[in-house]
Amino acid sequence: MALSIPFDNIYLILGFSVALLVIGLYGLTSKQNMIKFLIAIELLLDAAHLNFIAFSNIVGGNAGLVDPLPHVVVILSICVGGCVAGVALSLIIQAYRVHATLNSRRLNHLKH
Amino acid sequence: MLLESAAIMNWAIPFAGALITPIIGFIAGKLKEGSQTQKVLRIIRNWMAVFTSFVAFLFTMLLVVDVFNGQGGEAFVTNWFWNIGDKPFAAGFGVLVDPLTVLIASFASGIGTLIMIYGINYMKDDKHLDRYWFLMQMFIGGMIFLVMSNNFLQSFVGWEIVGFCSYALIGYFFDKKGPQDPKEFTIKEETEGDYNAHAGFKAFITTRIGDVMLLTGILIIFAVAGTFRYTELLSDLTWLSDLHDKKILVLTAVLIFGGPIGKSAQFPLQFWLPEAMAGPTTVSALIHAAAMVKAGIFMVVRTYPMFYLGLHDLHIENLQYYFLIVAAVGGFTALMSATMGTSATELKKVLAFSTVSQLGYMFMGLGVGGLIEPVGGVMDYNGYFAGSFHMLSHAIFKALLFLSAGAVIHAVHTKYIDEMGGLRKDMPKVFWPMLIGGLSLSGVVPLGGFFSKESIFGACWHLGEEGNNAGWIFFAVAAVAAALTFFYTIRFLGHTFGGKKTEHVEKAEKEQGGHLHKTSPLLWVPLVILAVGTIVIGFLAPVVELFMSKNDWFAAATNFTVEAFHIDYAHFFGHTFGFSPPTFWITIGILLTGCLPAYFLFVRKQWDTKEILKKSKIVNGIYTFFHRRWYMNHAIYWCLRKFKVFAEWLYENFDLKVIDRSNYIIASGTMKSGEVFRKTHTGILSVNFLYMLLGAIILIAVLLFIPF
Amino acid sequence: MNVFWILPIIIPLAGAALIGILGKIAKKESASWNLVYAVIANICLLAVLGILITFYTSLGSILSTELSWNIGPDVGATFKMDHLTWWLVLVFAILGSVVSIYSIKYIDQDDRIDRYYLLLLILVAGMIGVVMSGDMLTLFIFWETMSIASYVLVAFRKEQPEPIEAGIKYLFMSAFGSVMILFGMSLAYGITGTLNIASVGTIIATKFASGLSGVHYIIIASLIIGFGVKAAIVPLHTWLPDAHPAAPSGISAMLSGVVIMTGMYGMIYTLTSFFRPTGTNIGFILLWIAVITMIVGNLLALRQNDLKRLLAFSTVLNVGFILFGLSMALTGLDQDVALISVQGGWFHIFTHALGKGLAFLAAGAIIYRIEDRGLDRMEGIGRKMPWTITALTIALLSLAGVPPLPGFWSKLNIVLAAVSSGNWQYYVGIVLFLLSSVISVVYYLIVLQKLWFSEPQEHLKDVKETPIEILIPLYVLVIVMLIVSIIPGRFEILVKQAAEVAMLL
């Protein structure tokens, strides 16, 4: 990998991000509760955010500067993620009203 | 400018007519039943078809004049796509005006017009005429569109239009409720309508096999040459050598020939054409004379110069196999169908077999012509011209024969020749034209058929003289087939018009009030015109020859010079027709061999044919063999039935037992593993995510580990 | 910076705000208010269309505009307006305005109609934003805007069980896709230090001239998966057959016609911009994904009884076709040939949007009358609603690729390019492509045969022709399709320019 890395612990942070990714994927594939799905999605999102923040250090260069752009990205992305979570929660509530369950396994009326 | 627009108008106008027809029909249908306006509208609708074909014919005649004046060539209307490098890419939409296209377009529209006129009276009692006129005009338009096109792709579109229209027209009477004709032995269906639909379907499916081959061939050529345009393909022949290097040149050529095999009903796809008689007679006439089957000949003639130059200019020797295949398929079909014609009992089926046989002649002429070496830098024109000229003369006399057959069937209400007889006195206006047509079909001097057939004989003889023994074989085949042709021509003419009136005819007379109805002028006038055409076209042969030689782009693209022709009867007899004494006298001999026995059997009725069939087992065996069409149809249906049985067996034993079973096993296995993994394995949404994850893992693995 | 260039985004958003305010003011829902919303939505979309046409002449000179923070180059929100963007916005605006007319009658029985139009406008604005954005942040923000609007629209009839279930599935899978996009973007930012998509490409090309390595492949995979969820490539398509039928038919048309294609655009645009300068060959992988997508979509559609579900699977099939055409942009094959193929891909997006949009709208018109989606319940309806079924027939024939309808021309481009590509993978692919086309004709014909040639069933006796308000938008699309059939060459010019931009020529 042709990265030039001044910040020594970058791999540590990236490792955390991958761990978050794996946990999120585990949650998506093995949980039943829709709220937990939402949490898994948020974890995945955080993995990406963590990446951005980690990289902002490298890109800033050796001058000790930090590139502000990723921070903007992360803040905006958190806002957007909040919107998605809101919509998801409202849909889940509606699903609870209509189907009387939070279990995604019960939502299998639509089949191929 | 006039040239270009004429070349577009002659197919656009029939198309436009076809599109207007249903609109008029729709409006007429909304009006009060039987009202005056409705009648007028319907008359307009019918005559519009005649009018559009006639206008197309006039435009084509303009083109004829232009081509005679040495004009012609390609005209691009629009280029659908953009250029690759410098070359115009792919499917330029355009027209090509050259002798071949104009020749076919002229008889397609001219004979088409006569058939339309004839159809007005012939179809007057039908209830679904919107459909009829729409399809007929589409048919003619599609045929002209096919031939006027300047590239393979556009031709293929026309090819499909023609194929679809023929399918719909053959099955036109699909709703007839009466029982199927019991004498029919190839197709067994409940009602006559089902039989007709089956016939149309059979035609469509069979020709479709050829279409797939043709499309494959076209795409191969495109992949190598990078263009669909005929002129470009001809002017730069490197694609031939490229294909030759890849060892698929002959394969490609034969694939291209596969289309004509299906469309022109050659062996081994010849079996659809006799059943195509299920449609109205006008449709039969159009399919056999003007459109559809001629499309196959067109495709071979169109590609003929390319392969001819490949063989004789680039010296790709393998191409001689292509020409041999064309000639052999044609020769075999000519012979085989002629024998079938001697034993067919339906008037229209005799004619159908004769069509197949004559088409075989044309292919034989083209194939043989391709083998003839050019002499002294002069390209040999014999085969090329013989095939095209026979196509023209055949179009005229076959339209004549079909239309008169239609008139006869219309009058006596039977299609079997042994139920007819003695009609000569009652229907003179049908008899004389049909006699002329029949004699022309058999090649009697000095009718059109004689000259065109003689030119094919001449080509074969010429090849033989060159030292290629295949020439003699083809000559022998052509000779035997010609004798058989005369035999069955006399047979059906004798049965129909000669002898005494049969019971059936007398019954028909009684029903119609003592004597047969007079033939309507709308029926016999086209016949007379066509009969005159049949007589005249023979003497116009040198003119046609001159016309065909006006092929600028063709001559410009070759290293050979096309011999300069002029209207010169001496030249015409001496060179082109190979009209040297041997062939002429052999022809006379052949004709007598075919004619005399038939004359005594069917006109003089010296011997009773039925007695002979009863007494002699050999004759009876041969007759049945021919009558059952060499059992080919049976064989094909047998194979299909066996295949169906096999497929059902496969379904029961493999699909149900193995696949369904395995499905069941997989399903229950999944269920069971679902039980096992229930604690970790949740819901449908998660399964979706699992798919996703699996896809992602495979994708990353492929990206990382497979070099590309 | 010139705000004029981002008007196509601002106008629908402003319209949405206006509808939102009016929706608050109007206490009671009444037909006249509904009409007002529809008119506002339609005017906004037509205005976009009009502005777009005035843009065309200056497309060559203006490439991008920046909302900059004056920190440095490539920092800030970048919008672009090139031929490719122009072409896609055209498609969105045409289909959007047709759907907004169609919905006037179609959803008049529903509640919350103001929100419907509000969300429709936001959806269109989001899509336009996606194709107009020139940097990853903007792209992501508009991507999510579009996504959120579409989640809510799928679940619009929230009292019914089906839309809710479909909406939730759609939401979770699509949100996962968005996250993967963001993840891929974070890595792309990490190795290049910029968010500007064009700059990423040039930096990768100079910095990693020796060739691609692991991190690049992770980026490629993330982007393919992320955008692929929205584009419904197999095996990421599982939400589509649930979500598209469950939405109101107008929204189904939008989703199947253009939202899917936004995903396709995102995938191809980012991959091409990032990696085409390095001369990569990942197109072959996309080719095989496309082939699998075609086959799976076809097989699933074959036995469908639900008309809208069948159309949804046919969308999967067409995604395969489009990806097949566009994949050649990312191969090292002859550029002239690849251009034709890519051109075919972008053209197919247009023709498919027309055809599938019309098909969904016509299917919706049938459902409006008989309130059933089963094909076996619609048998013989052609006699009762001839105009609607005629429109459906034209749409299906175009999708089947019958000449000279639009679908034929776009497929022809792809086929011809693949045939002349001189690469065995494309040869194998094109055989499967043609095979899939033929198979797809089978089920289109089954539908048409059922609708036209069966005797009308008992319960269809009193069915009347679709109301004129619904027929008008259908026939607007029919007319557009006929125009394309007659002069495909004119449209090919536009697509060719778009394809040149897409190939970075």
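Note that the structure is a prediction, hence the values are computed from the model and not measured. Lettering of chains follows the sequences in order, A, B, ..., and the numbering in each one begins at 1.
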Among C:Q160, C:E144, C:M185, residue most engaged with chain A (heavy-atom pairs, under 4.5 Å): C:E144
A:L21 portion near chain C, given a 4.5 angstrom heavy-atom threshold: side chain
Any donor-acceptor pair under 3.5 Å from C:S314 side chain to C:L310 backbone: no
Exercise: identify the closest heavy-atom pair between C:I9 and C:A125: O-CB, 4.0 Å
side-chain hydrogen bond (donor to acceptor under 3.5 Å, both in side chains) partners for A:E42, two or more places apart: none
Side chains of C:S252 and C:H244, donor plus acceptor under 3.5 Å: no
Side chain C:K308, main chain C:A247, donor-acceptor under 3.5 Å: yes
C:E159 bridged to C:R112 by N-O distance under 4.0 Å: yes
Residue C:L171 versus chain A: region with a heavy atom under 4.5 Å: side chain
Contact class of C:F140 relative to chain A, heavy atoms under 4.5 angstrom: side chain
Within the 6.0 Å centroid threshold, strictly below: C:W143 and C:F227: yes
C:T138 and C:S133: side chain donor to acceptor below 3.5 Å: no
Chain C interface, residue from A:L25, A:L45, A:I92, A:L50 that has the most non-hydrogen pairs under 4.5 Å: A:L45
Exercise: do C:K230 and C:S147 side chains pair donor with acceptor under 3.5 Å: yes
Contacting moiety of A:S17, where chain C heavy atoms sit under 4.5 Å: side chain
Portion of A:L38 that has a non-hydrogen atom of chain C nearer than 4.5 angstrom: both
Among the listed options A:A95, A:A48, A:G86, the residue most often paired with chain C at heavy-atom distances under 4.5 Å: A:A48
Short side-chain donor-acceptor distance under 3.5 Å, C:Y443 and C:N298: yes
Chain C neighbours within residues 74-81 of chain A, where any heavy atom lies under 4.5 Å away: A:L76, A:S77, A:V80
